[in-house]
A.B. asks: 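A single structure is presented below for examination.
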Amino acid sequence: MKAFAKNLRELRLQRRLTQHNLAVLLNTTNSSVCDWECERAEPNYDTLKKIADILDISIDELFDRRDG
């Protein structure tokens, strides 16, 4: 999940979202977002879909799984 954690943090910062902002949008806690970014936990599939929607990317892009 290293690519996910790194990408989540980078994409969140690019969109000028704090961990708190993202947590509110996802209806979760700041510590959950921190745990995902620090590789201590993984979001479930429904949360992954919400993250991708909020960041306006595909789940594959979130995991850095692009064609080419």
A.B. asks: Would you give me the side-chain donor-acceptor pairs under 3.5 Å for residues 19-28, sequence neighbours excluded?
C.D. replies:
{"from": "Q19", "atom 1": "NE2", "to": "E37", "atom 2": "OE1", "distance (Å)": "2.8"}
{"from": "H20", "atom 1": "ND1", "to": "N30", "atom 2": "OD1", "distance (Å)": "3.2"}
{"from": "N21", "atom 1": "OD1", "to": "T18", "atom 2": "N", "distance (Å)": "2.9"}
{"from": "N21", "atom 1": "OD1", "to": "T18", "atom 2": "OG1", "distance (Å)": "2.9"}
{"from": "T28", "atom 1": "OG1", "to": "S32", "atom 2": "OG", "distance (Å)": "3.3"}

A.B. asks: I need the L62 CG to K49 NZ distance, nearest 0.5 Å.
C.D. replies: 14.0 Å
A.B. asks: In Å, rounded to the nearest 0.5 Å, how long is the span from CZ of R15 to CG of D56?
C.D. replies: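 Going from CZ on R15 over to CG on D56, the span is 7.0 Å.
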A.B. asks: Please check if F4 and I57 belong to a single hydrophobic cluster, counting links between Ile, Leu, Val, Met, Phe, Trp and Tyr side chain heavy atoms closer than 4.5 Å.
C.D. replies: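 They do share one cluster, since a chain of ILVMFWY contacts under 4.5 Å joins F4 to I57.
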A.B. asks: Distance from I51 atom CD1 to I59 atom CD1, nearest 0.5 Å?
C.D. replies: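 Nearest 0.5 Å value for the CD1-CD1 distance: 9.0 Å.
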A.B. asks: So, the side chain of D35 versus the backbone of A41: is there a donor-acceptor pair under 3.5 Å, distance only?
C.D. replies: no
A.B. asks: Within a reach of under 6.0 Å around CG of N44, are more than 12 heavy atoms found that belong to other residues, nucleotides or ligands?
C.D. replies: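 Yes, CG of N44 has more than 12 neighbouring heavy atoms, counting only those of other groups under 6.0 Å.
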A.B. asks: Between A3 and F63, which heavy-atom pair has the shortest distance, and what is it?
C.D. replies: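 Closest heavy-atom pair between A3 and F63: CB-O, 3.8 Å.
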A.B. asks: What are the two closest non-hydrogen atoms of A52 and S58, and how far apart are they?
C.D. replies: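 Heavy-atom minimum between the residues: CB-C, 4.1 Å.
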A.B. asks: Less than 4.5 Å apart, side chain to side chain, heavy atoms only: is that true for L11 and L17?
C.D. replies: no
